[in-house]
Amino acid sequence: MHGRPRKASKPEEEAASAAKAVKLRSLQSQFMKNHHDKIYTEEAIELSTKLLEINPEAYTAWNYRKLAVEDCLSRIDSDPNLVNSIFDEELRVVESALRQNFKSYGAWHHRKWVLSKGHSSIAHELKLLDKFQRLDSRNFHAWNYRRFVVELTKRSEQDELQYTDDMINNNFSNYSAWHNRSVLLSSLLAQNADGFMPNERIPDEYDLVHSAIFTDPDDQSGWFYHLWLLDQTLNVETPLLTSSWPSHGSTIILSGAGCLNGSSSKFTTFCSESGSFPLILYFDQAVGGVSSSTVTIDSELKGNEDLVWEPISYKNSQVSCVWVTHLKYVSTDLCEYKVKIRVGNSPGIVSSRGHNFRAPYEFVFTAHVHDTVKDSQEGIVSWTDGFDIWDAKSKDLNSLITLDQLQAEIDFKWRQEAIDSEVECFGILSDSKIGKLTLARLLMAREAMVSDDAVKGVRYEEILQLYNDLMALDSSHYQYYKDEHSVAFLHKMTSSSESLSRHLFRYRGMNNLVCLRLNNLSLSRIASVEKLLFVQMLDLSHNELHSTEGLEAMQLLSCLNLSHNRIRSFSALDSLRHVKQLKVLDVSHNHIGKHSVDTTRYLCSSPLSNSEWSQDDVGRQNPGLVTKYWDAYFVLRDLNLKQLDIAGNEISGNEFSSFVLQVVPKLVWLDGQKLGN
Amino acid sequence: MIDIPPYPPLDPSNYDLIVVGTGVSESVLAAAASSSGSSILHLDPNPFYGSHFASLSLPDLTSFLHSNSVSPPPSPSSPPLPPSNNHDFISVDLVNRSLYSSVEISSFESEILEEHSRRFNVDLAGPRVVFCADESINLMLKSGANNYVEFKSIDASFVGDSNGELRNVPDSRAAIFKDKSLTLLEKNQLMKFFKLVQSHLASSTENDDSTTVKISEEDMECPFVDFLSKMRLPPKIKSIILYAIAMLDYDQDNTETCRHLLKTKEGIDRLALYITSMGRFPNALGALIYPIYGQGELPQAFCRRAAVKGCIYVLRMPITALLLDKETGGYKGVRLASGQEIFSQKLILDPCVTVGLESLSSLTDQQNETLSVLVPKSMINKEKIARGVCVIRGSVKANVSNALVVYPPKSLFPEQLTAIRVLQLGSGLAVCPADMHVLYLSTLCDNDDQGIKALLSAMSNLISLPVPENRQSDSVVENDTSETKPILLWRALYVQELVKGEFGGTISSMPSPDGNLNYNEIVESAVKLYEKLMGSEELFKEETSPAENTTEEENDGGVEIED
């Protein structure tokens with residue numbers, strides 16, 4: 001029962017329960033003997049009844065009864081009356097067991113088993129449930145069973161919805177009722193049932209849950225339901241393409257390794273040694289089925305007929321928001337190629353929730369191929385100097401971050417209106433923690449929906465302030481608020497080319513490469529990556545990052561500074577394994593190796609599941625070090641680093657340095673020292 | 001007056017206590033005293049139980065009101081005789097005081113009502129209900145009188161306004177949640193206030209003052225209405241709390257006309273009563289319940305309890321005179337209308353029983369002293385209560401049968417000084433035939449006209465009053481709106497005096513029905529009197545009846561009151 005304090009038992013009660021235990025034990029042993037000897041006589045069954053009435057949790061006894069029923073059925077000549085009476089007896093035993101403990105899994109399960117045999121009337125079941133739900137309206141066993149009965153009786157979802165109405169009206173602190181409501185509504189909305197069009201129904205549900213939340217903001221159940229509603233409002237089922245690199249209408253300059261002088265637009269220049277460049281598609285939700293048949297490429301670039309698309313996902317799953325392929329090019333004379341991409345030309349791109357990518361989308365970019373003199377100079381990249389303020393014309397930048405807009409949905413308007421009215425509504429409840437959090441979430445959702453440049457981004461300051469307040473108010477959830485604060489900050493930063501350009505610099509050391517500097521911002525989480533696909537040099541030093549999750553989408557990234565963060569292990573860098581261009585990595589002054597137990601390692605593929613490592617050279621030669629530094633091994637092995645900074649971590653030292661040299665033989669700079677080979 | 005049938009003489013003729021009148025307080029007292037072992041004779045001049053708390057048929061109610069409203073000429077047959085001197089004691093004749101004035105009874109559909117006349121159980125002292133947690137319920141449970149009464153819930157309570165709108169009283173968490181007329185902010189403020197009260201109550205019972213929020217001592221002493229303002233509750237919600245939950249009578253915002261400005265402390269007590277009432281019995285719908293067959297069942301239940309414990313009952317038996325000791329002037333006994341003289345240690349009288357001033361003149365000082373509680377006091381600023389009873393066809397609110405409606409001060413007309421309470425009861429409570437309802441109205445007043453005016457205003461707001469013949473022509477438009485309003489079949493209007501009880505050693509006088517919605521003060525006064533009579537002995541102390549748990553599977557909405 002909910003909200004009713006447990007009473008401490010008195011000595012006499014304890015004595016009684018001890019006596020009961022003795023009796024129960026003797027019953028139990030007799031019963032087990034019967035069960036073992038497969039005795040299904042009337043007395044034996046009666047014994048199990050007694051046992052279950054005292055202890056409904058004896059699930060062996062329930063199973064025994066199932067066997068006994070089957071035994072009985074096999075002995076009688078399917079006389080319907082006899083069959084019914086056997087099952088009725090089972091129902092009776094379950095009912096009295098439930099009276100003893102209505103939260104007994106075994107008893108409820110047995111009842112389901114009896115009913116699923118189809119010999120018993122189910123008319124009585126809802127009435128029985130009413131009785132149990134009156135005792136405890138939040139008994140989830142009863143709710144589960146109710147769903148089972150509803151399915152058997154084919155009771156309409158509308159009737160069940162009305163039932164949740166009644167339960168909620170009776171006492172709205174009933175998470176089970178709200179939950180059942182969300183299940184029923186999901187189904188009715190998905191069917192587009194009469195009177196259940198999302199644009200009409202969802203606003204009504206908001207009204208209902210407002211009453212609960214405003215009446216008692218301390219009660220959780222309403223807030224949970226509100227969160228679900230918010231999800232229904234924001235979640236556009238059809239997957240959409242959010243951004244790509246190269247972006248629509250852009251011109252990119254491709255060159256050989258390392259150098260290019262006098263180019264006008266630095267950040268559209270991509271240098272590659274391998275003669276290919278990545279093509280990145282970023283969807284608003286995880287999708288599967290991106291392939292050369294669902295995405296067609298029309299260009300004069302040769303040799304790109306059967307492209308392999310790869311999902312960028314650290315979970316090794318076949319669905320991902322980010323898909324990448326590599327287009328080959330040949331560095332010949334100055335050449336210009338037009339590339340036309342059609343996404344979703346033929347069906348096959350499907351979201352993880354099973355919705356098809358419906359609106360085919362086409363984008364075009366131009367690639368200039370420069371044949372450049374190879375410059376084999378491999379200087380050290382310094383993060384401390386060589387940065388110039390970047391004086392880009394915003395027009396230049398626009399072509400990079402102008403995103404492929406959310407395709408206009410027909411029912412987009414009600415969603416926007418719903419969020420607007422929610423924002424207005426929760427403004428008055430923002431004196432509580434959950435009120436502040438909800439308002440912040442709503443404002444974020446609203447910003448994501450705004451397409452009008454004039455009002456875009458105006459409420460980020462408010463969001464940041466709300467999360468700052470929450471961090472001060474509620475220290476036990478500090479990290480969550482901190483993360484959300486970082487997300488909001490990055491959304492804000494990427495919301496306009498003006499704010500983004502404040503963080504863009506030219507780095508003299510790397511052919512005037514454009515560097516995004518997000519240092520010293522106390523970021524704890526990475527976000528808005530879809531707008532930063534162009535970034536090749538990223539400074540995230542002096543933040544509070546725990547992991548590089550999200551950076552895997554930045555397929556162009558070649559230099560990354562993570563020094564002075566809170567990285568605790570190499571497995572927290574796992575997502576970098578997908579960033580094949582990465583040459584320069586600075587993870588100095590983190591906490592790698594400090595904590596022996598590393599929770600993030602569960603995100604990383606475990607050494608035990610990987611059979612290849614023992615066949616690897618390093619693995620064979622030095623199994624001891626690989627076992628010791630397995631997380632570093634997996635990450636570093638897959639990267640083509642030229643420069644690594646690891647100093648200032650617990651792990652760093654001679655042993656680890658020598659291990660690194662074995663794993664990354666091509667490394668040129670380690671901790672600022674040029675390696676002589 | 002009723003003709004006294006020949007009565008066999010009562011035996012014994014000597015008692016510890018004689019109680020005259022079977023109203024709620026007299027009956028509680030008789031039950032308590034008999035359970036503690038006293039010998040008691042309980043008399044009532046009327047042919048029914050309940051006195052001023054009785055529930056009667058329409059003709060009986062009519063005749064009771066008429067016979068108790070005009071002062072009968074002092075001793076009609078024989079002029080006051082000099083106190084008889086034939087024994088060791090003298091006798092003093094008693095005079096009946098009339099409690100009711102401005103009685104006006106009208107019937108609009110006599111045939112129908114006559115047909116059903118015996119199917120009505122109409123309360124004399126309505127509107128009155130029982131709060132699940134109030135003192136009367138505690139006493140019933142303690143005494144075992146609950147075995148003789150069954151209750152049902154009042155389904156809903158409303159606040160009315162001059163537009164005829166009835167809005168639900170959001171008195172619980174679920175009711176606030178469901179309420180359509182409150183804004184979200186108001187829901188939030190109201191629930192916050194309830195939580196504050198609850199946490200205050202919890203802290204005062206559990207003594208853990210550290211964690212829970214308490215209302216400060218300073219706030220507890222200030223007027224409740226100021227405290228509500230301090231809590232930043234909007235006027236609409238303040239009015240709901242003051243008049244529909246705390247059930248106050250006087251306009252708390254008007255210090256000139258307010259006879260009783262409630263302190264926060266008292267206000268919290270009233271809310272506490274309401275809140276604890278809500279959750280007391282699982283099968284009660286809200287805070288309020290009402291006895292099936294009318295409120296006359298309550299005194300009757302206590303009388304039955306008393307009878308079980310040996311109390312002797314005689315109805316239709318007025319007392320005509322008091323017998324006083326010639327020497328000491330002390331009380332000796334009473335003379336019954338049958339002529340028999342009965343003696344007792346102590347005497348408790350119905351508020352109607354008084355002595356004529358003219359008979360006092362011939363008495364000694366000691367004798368006067370003994371009778372002092374029976375001398376009618378002239379009061380300045382006399383507060384009265386105007387009551388109304390309507391029998392209607394239809395209901396004041398669709399789909400609701402038993403309901404309380406409160407009109408806060410000034411809600412009907414600007415000069416309305418006091419709250420008007422209306423209680424509608426239906427045939428489910430066996431108080432009237434099906435498809436009809438009985439409506440009780442009351443309001444406190446300084447004079448008859450003021451009270452009657454207020455009641456009429458509330459009536460016209462709720463029901464369509466019969467249009468006088470000459471004005472029927474222009475009622476076409478009116479008909480449209482009044483179509484849904486219930487139709488008045490019968491009406492009684494009267495004003496009742498509020499008489500306080502008085503303890504006088506051997507002779508005590510009981511209070512008349514008060515102006516409250518519940519029985520709390522009436523029962524409390526009976527308990528106090530009992531303590532004085534019996535020397536602070538606990539009521540019904542040995543009656544801890546073993547829980548007779550007759551767990552009924554399904555009941556028809558009746559409220560089981562059990563511990």
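The chains referred to below are lettered A, B, ... by the order of the sequence lines, with proteins before strands, and numbering in each begins at 1.
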Self-check item: side chain to side chain contact (heavy atoms under 4.5 Å, CB included) evaluation trace for B:Asn188 with A:Leu429
Solution: CA-CA 9 Å; B:Asn188 189 243; A:Leu429 212 60; 3.7 Å; yes
Practice problem: For side chain to side chain contact (heavy atoms under 4.5 Å, CB included), just list the numbers for B:Phe177 and A:Ile168, CA-CA rounded to whole Å, side-chain angles, deciding distance to a tenth of an Å, and then say yes or no. | Solution: CA-CA 9 Å; B:Phe177 169 65; A:Ile168 290 167; 3.4 Å; yes
Quiz item: What's the verdict on side-chain hydrogen bond (donor to acceptor under 3.5 Å, both in side chains) for A:Ser211 and B:Lys178, showing C-alpha distance, side-chain angles and the deciding distance?
Solution: CA-CA 7 Å; A:Ser211 278; B:Lys178 274 186 279 192; over 6 Å; no
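Open room surrounds CG on B:Asn399; 12 or fewer heavy atoms of other groups in view lie less than 6.0 Å from it. Within 6.0 Å of CD in A:Glu424 there are 12 or fewer heavy atoms belonging to other residues, nucleotides or ligands. By the neighbour-count criterion of 12 heavy atoms within 6.0 Å, atom NZ of B:Lys397 is densely surrounded, having more than that number from other residues, nucleotides or ligands. Heavy atoms of other residues, nucleotides or ligands lying less than 6.0 angstrom from CD of A:Gln158 number more than 12. When the shell of 6.0 Å around NE2 of A:His477 is examined, it contains 12 or fewer heavy atoms from other residues, nucleotides or ligands. Counting non-hydrogen atoms of other residues, nucleotides and ligands closer than 6.0 Å to NZ of A:Lys20 gives a total of 12 or fewer.
Taking CZ of A:Phe214 as the reference point, atom CG of B:Leu182 lies at 13.0 Å (rounded to 0.5 Å).
Minimum interatomic distance between B:Leu184 and A:Cys425 (heavy atoms only, all atoms of both residues): CD1-SG, 3.4 Å. Considering every non-hydrogen atom in both B:Arg173 and A:Thr215, the closest pair reads O-CG2, 3.9 Å.
In this structure, chain B has no heavy atom under 4.5 Å from any part of A:Asp207.
Salt bridge absent: B:Lys187 and A:Asp216 never bring a charged side-chain N and a carboxylate O closer than 4.0 Å. A salt bridge links A:Asp431 with B:Lys192; the closest basic N to acidic carboxylate O contact falls under 4.0 Å.
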